[in-house]
Amino acid sequence: MPKDQTEFEGRTIAISGAASGIGLGIAERLLAEGADVFSLDVHEGPVGRHVYADVRDPESVARAVATIQARNGRIDGFVANAGVRGPDVGVEDMAVEDFDRVLSVNLRGVFVSCQAFGRAMLDQGDGRIVVIASMSGNRIINVPMRIAHYHAAKGGVTALVRALAVEWAPRGVRVNALSPGYIRTPLAEADTEHHAL
Ligand SMILES: NC(=O)c1ccc[n+]([C@@H]2O[C@H](COP(=O)([O-])OP(=O)(O)OC[C@H]3O[C@@H](n4cnc5c(N)ncnc54)[C@H](O)[C@@H]3O)[C@@H](O)[C@H]2O)c1
């Protein structure tokens, strides 16, 4: 690699939820490092090539993967970042529908999108996936937020990433999770369940 070239130069990298917050920050940094960045989101964002995808929907994500492959021939990386927070409410009052809605984006969405990108990468024989989990999936966080649906989803994501990593590493696809603490984004400041979808 030439001295002034980064490891991301010329790489094709897709990021779900790249229209806002952490995903947008990752997209900006990867673009600055020379990657060709595809922003998979239900909303258009300011950077990258926007490809509409709802991570809950396997057909929508498969179409997005096919669009990227048709344009660039291969996919080097995928960041599974899309997520919602859901309403702040005690478990005793939590609507089952709210629990399902948060799980559908934050856990099912990670499964659906990693499966679609993983299939493409397994066919190539290599690829890198980074999943944005959360500290709240691993421990009780001492903040006054009552978002048990979110905690449950992130715990599931952490376990899912372990399973993916073990299954796919021998076939050239590396899967890792990052578990951030609090980062000031629209999600951290409000129930994004409604304005995100
Ligand atoms: N902000 C924090 O403090 C924090 C901490 C730990 C982990 N995280 C995680 O980081 C990730 C990004 O969060 P953020 O804070 O940047 O939130 P954000 O609300 O700023 O951005 C989330 C993005 O996901 C997109 N999105 C939502 N549902 C989608 C769907 N069904 N299909 C496709 N795109 C969808 C939204 O349109 C939005 O662009 C989430 O997985 C979140 O759980 C955030």
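First listed ligand is number 1; within each ligand, the first listed atom is number 1.
Residue V105 has no nitrogen or oxygen atom sitting less than 3.5 Å from a nitrogen or oxygen atom of ligand 1, judged on distance alone. Geometrically, ligand 1 and M135 share no nitrogen or oxygen pair separated by less than 3.5 Å. Close N/O approach between N106 and ligand 1 is not found [any backbone or side-chain N/O within under 3.5 Å]. Where the criterion is an N or O separation shorter than 3.5 Å, residue side chain and backbone included, S134 fails it with respect to ligand 1. Ligand 1 has a nitrogen or oxygen under 3.5 angstrom from a nitrogen or oxygen of I22.
Y150 places a side-chain heavy atom less than 4.5 Å from the side chain of L187. Residues R11 and L30 have side chains not in contact (no heavy-atom distance under 4.5 Å, counting atoms from C-beta outward). When side chains are defined from C-beta on, I22 counts as touching N81, because their heavy atoms get closer than 4.5 Å. Here the side chains of V55 and V110 are not in contact, with every heavy-atom distance at 4.5 Å or above. Residues I26 and I13 fail the side-chain proximity criterion, which asks for heavy atoms closer than 4.5 Å. Within the 4.5 Å cutoff, the side chain of Y52 has heavy atoms near those of the V42 side chain. P58 has its side chain within reach of R108: a pair of non-hydrogen atoms, C-beta onward, lies under 4.5 Å apart. Residues M121 and W168 fail the side-chain proximity criterion, which asks for heavy atoms closer than 4.5 Å.
Heavy-atom distances between R184 and ligand 1 stay at or above 4.0 Å for every pair. Heavy atoms of S179 stay at 4.0 angstrom or farther from ligand 1. In this structure, P186 is part of the shell of residues with a heavy atom less than 4.0 angstrom from ligand 1.
For L187, heavy-atom contacts with ligand 1 shorter than 4.0 Å involve the backbone as well as the side chain. Of the heavy atoms in A53, only backbone atoms (N, CA, C, O) come closer than 4.0 Å to ligand 1.
A side-chain contact (heavy atoms from CB on, under 4.5 Å) with C114 is found for one member of V173, V161, I129 and no other, namely I129.
Every atom of ligand 1 with a heavy atom of Y182 under 4.0 Å away is listed here by number and element: 3 (O). Those atoms of ligand 1 with a heavy atom of N81 less than 4.0 angstrom away are 10 (O), 11 (C), 12 (C), 40 (C), 41 (O). Applying the 4.0 Å criterion to heavy atoms of G21 picks out, from ligand 1, the atoms 16 (O), 20 (O). In the vicinity of A188, heavy-atom distances shorter than 4.0 Å reach the ligand 1 atoms 1 (N), 3 (O). Short contacts between ligand 1 and A19, defined as distances under 4.0 Å to a heavy atom of the residue, involve ligand atoms 39 (O).
Selection from A133, S113, S16, G17 by nearest heavy atom to atom 24 (O) of ligand 1 gives G17. Between atom 31 (N) of ligand 1 and the options I183, D57, D54, the minimum heavy-atom separation is to D54.
A salt bridge does not link R146 with D93: none of the charged nitrogens is closer than 4.0 Å to a carboxylate oxygen.
Atom CZ of R128 sits in a crowded spot, with more than 12 heavy atoms from other residues, nucleotides or ligands closer than 6.0 Å.
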